Structures are given as C-alpha cells and as structure tokens.
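Below is one structure; the comments refer to it alone.
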Amino acid sequence: MHNADDELCLKYVLNELDPSEVLLVERAMANDDDTLIEVESLRLTLRKIDRMPEYKPPRHVQQRILEEAKRHAEERYQQSRIINFFSFQNTVSYTAAAVAAVLLISISYGMYQYAVEYQQAPNASADVQEGFAPANFTQTDAPVIDFSTSNSSAGPNKRTVFSAGSAGSARTLQPSFNNRYDTGLKYSRTSGNLSQFSTAGGFGGGSFSSGRNQSFIPLQLGNSNLSNSLNRSNTRTINGYSIK
Amino acid sequence: MDDQQLVRAFRNDGDQLAFSELLNRHQNKIYSYIYSMVGNQETANDIFQETFTKVITKMDDTYNEQGKWIAWVMRIAHNATIDHIRKRKRFVDVSSPNDDADYNFYDRLQDTESPSAQDDMEFGEAKTSLMKHIGSLPKEQREVVMLRHYYEMSFKEIAELTDVSINTALGRMRYALINLRKMFDKENGKEYDYAQRG
C-alpha cells in the first residue's frame, strides 16, 4: 500500500475527504482487503482515543482564576470611571472656555465699536452743525467753564457739555474708556433751535466750526492749560471750515 | 448565551458571571490538553492558570471578536504548553548530556521529575493505559492527537497553530495512530516495531 493511499485512508477515517475521494476509498476497500484492514485498524485506534478522559482543573485553581477576573474587572471599572470623569471635566472646561472666548470677543468687539463711534463723533457733529447753527451765536455767548479747577460733582473725569443761551441745558456723559480721545459734544439751544455745532478734539487740539456766522465754543475738559491754549489760538479757515 | 455574548458581557460590563460561565464551558478541554501534554498536575495547574491570566488581561487588547474565542484561548494554552516543554527540554538536555536524541521526550520528562511530581503522573501509571501510551508519543504527534481530540480542530487549524503544512499535520496524525495501534497490540501480547516517528 502506498503512502498516498495511507493518507487517503486516514483522511477517510477522520472525515476529511471530498465526496469523490470518499467514493474512491470505498471502492478500494471493496476491492482490496489490505485497505479495508488499514481503515478498520485506524478507526479502532481513533475510537480508543475518543475514550480519552477529560480532566477537570482543581477547584483552587478555578477559584484563583475567577478572583483574577474579578480583580481585573474592578480595575477596569475604576479606570473607566476615571476616564469618564476626565472626559466630563474636559467637556465642561472646553465648554466654559468656548463661552468665555465668545464673551471676550463680543465684549472686545462692542468696545471697539463704541470707540470707533466715539471717535467718529466730531466729524459727524461737524456735518450736523452745518446750516443749523444760529446766526447770533458768538464766542461771548458761550460760557467756558473750566472743570479742572471746580469742585463740581461731575468731577474731573466726567464730561459736561453746556449749552449756550438761556434755554440751554447741561448733559453729563460718562467718561470714555480711553481718555486720549477726549472729545466732547456741545449742544446748544438758541431760540428754540437745537444745534450740535462744535466739537473739541482733546489733546489733538483740533476744533471744528462750520460757517462764518457760527462761532466755535471751546469746551474745556479737565485740562485748564489745554483750554487756555485753545482760547488763545487763532482761527484758520480751510475749505470753508474754520479751525481754531 | 453563546461565547461571543459572554465575552462581550465580560469585556464591556465586567460581568464576572459571564466569565465564570466561559470558564466552566471550556476549562475541561483546555486543562486536559495541557495535562496530557505535560503529564504533571502541578505543571498543568500552573500553565492553566497562566493561560487564563493572559486571557483575562489580553482580552481587551488582542482578542478580536470576529474570531472564535475558544480558538484564541486554545492558541494561548498551546503556546504556553509548548513554551514550558521547550524550557523543560532545554533543562533536560543540559542536565543529561548523554541522553539519546531519539529517546522519547515524555520519558525524559518523567526522569527529571521529582519523586512527588512523579506520583502525580497519574495518567502514566494509575490511570488508563491509553493515557500512558499517548504520553509515550513524540511531542509533535501527541500535540496533533490532543488538538484533534480535545479541541476538535480541523487539520487546517492544527497546521496553522503548529506552524506546519496540512500534509505534515496529517502525517503526524497518521504516525501517531500507527504507533498507538502498535502499543495497544504490544500490550495485548503482540510485538510490533514502532512506526517511524514523525
């Protein structure tokens, strides 16, 4: 019997053959006694092996393994709790950071807008005063009040805008976040007409007054020297605007 | 619940009952394989525990749920057993330089065991003659017989696990059966030459 035939017999006993090969071995068994004996002998040996007993591990070994599994499960549970806690903390801190960032951006943007509008106010008022200023408004009509030397409740950090004329009223503005832009608005009501006609340019010292018949009324804002210098300065006219 | 569900329950929820059920289901086959390979109860206990310690700790990382859990455990058990046998063999080789290279590994293992451990070789003396004969097979043949018997592996799986070709695995099985048959016949008064060892 060839080696290849032996392997076929073994595969036949172990049910590892294709149906076509099974037919081949069965045909050989029918025609060859040696093949039949070989197959039966292998089958008998395999049956003996099938009677091999199963062994059970000792109880104390099982117990140790179960304890190990318990310990591992508990460790993993603790780790997952820590991980969950940190992931929750991360979520909270990321959310808080995002909210803080949005708030900061919003506040910064709002302050920037406020500053820009506040800066643009002189030009705007210069535009507005054109054609609205009363003709009888003269420098002598507008009182100049130096708040830097007074004990006014408004204090040196507050802006007080005075109106010219008897019908005028005063308005107190909150201080700017940036004192360099020390710009004031002045409203004047004369003969029932409201005119916004003059601005003071803070440290820049620029003051605008439009129209010949309109007089610049210097606004003194906490700096008597500046105010004095403004009062002393001459007026120049550029493009129809008088600059004092 | 099938094995996959039990494994998932243990991995995801730390369900110890699920692990206990898995252990109860498969422990006998795994322990029998280890025991029949090393032939010593204490050693088998150690390898069995080492196997399941690895199973517990590596289940999260290395076990892929696509595969059969028991096949993965069997591979761990097989590797642990073979590692032990190799270490033991190295020890025997060093301690017994005059050993005949063809001398049966199992017999050499018996020679090196302490008297108390030798008492534990139940399947060699007090158990059945079947276990004694299987214990007398060369390691490679015994391995194939055990994997086939206890784990009901196909020869393709055995070949993959033992890192040989399918034909080699089949050849080892065939030689194992021939040798066993002759041992049984010898036991029954018939004299045969041992088949060539694979």
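Side chains are part of it too, since the values below use all heavy atoms of this structure and drop only hydrogens, waters and symmetry mates. Values in this document were obtained by computation on a predicted structure and should not be read as measured data.
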Looking only at heavy atoms, what is the nearest atom pair of [X] and [Y], with distance?
| X | Y | answer |
| --- | --- | --- |
| A/P53 | B/S32 | O-OG, 4.3 Å |
| B/M131 | A/Y55 | CG-OH, 3.5 Å |
| A/L10 | B/L177 | CD1-CD1, 3.2 Å |

**Request:** Tell me, with the steps shown, if A/E68 and B/F52 meet side chain to side chain contact (heavy atoms under 4.5 Å, CB included).
**Result:** CA-CA 9 Å; A/E68 178 79 21; B/F52 272 93; over 6 Å; no
Inter-residue atom distance [X].[atom1] - [Y].[atom2], 0.5 Å rounding:
| X | Y | atom1 | atom2 | answer |
| --- | --- | --- | --- | --- |
| A/R64 | B/N45 | CZ | CG | 7.5 Å |
| B/H133 | A/K48 | NE2 | NZ | 8.0 Å |
| B/I56 | A/E67 | CD1 | CD | 10.5 Å |
| B/S154 | A/E16 | OG | CD | 6.5 Å |
| A/L42 | B/R174 | CG | CZ | 8.0 Å |

With a 4.5 angstrom heavy-atom cut-off, could you sort out which part of [X] is near chain B: side chain, backbone, both or neither?
| X | answer |
| --- | --- |
| A/L44 | neither |
| A/E54 | both |
| A/I65 | both |

Ranked by heavy-atom pairs below 4.5 Å to chain A, first place among B/Q16, B/H149, B/Q49, B/K29 goes to B/H149
Note to self: With heavy-atom distances below 4.5 Å as the criterion, would you say the side chains of A/H72 and B/F19 are in contact?
What the structure shows: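 A side-chain contact under 4.5 Å is absent here.
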Is it true that a side-chain atom of B/R148 and a backbone atom of A/L14 form a donor plus acceptor pair closer than 3.5 Å?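 Yes; at least one donor-acceptor contact below 3.5 Å.
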Chain B shares the most heavy-atom pairs under 4.5 Å, among A/P58, A/A73, A/A69, A/P57, with A/P57
When the 4.5 angstrom heavy-atom criterion is applied to B/N24 and chain A, the contacting part is side chain
Could you look at B/M59 and say if it's the side chain, the backbone, both or neither that has a heavy atom under 4.5 Å from chain A?
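For B/M59, no heavy atom lies under 4.5 Å from chain A.
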Original post:
Could you go step by step and tell me if B/F155 and A/K11 meet the side chain to side chain contact (heavy atoms under 4.5 Å, CB included) rule?
Top reply: CA-CA 10 Å; B/F155 280 91; A/K11 284 183 178 175; over 6 Å; no
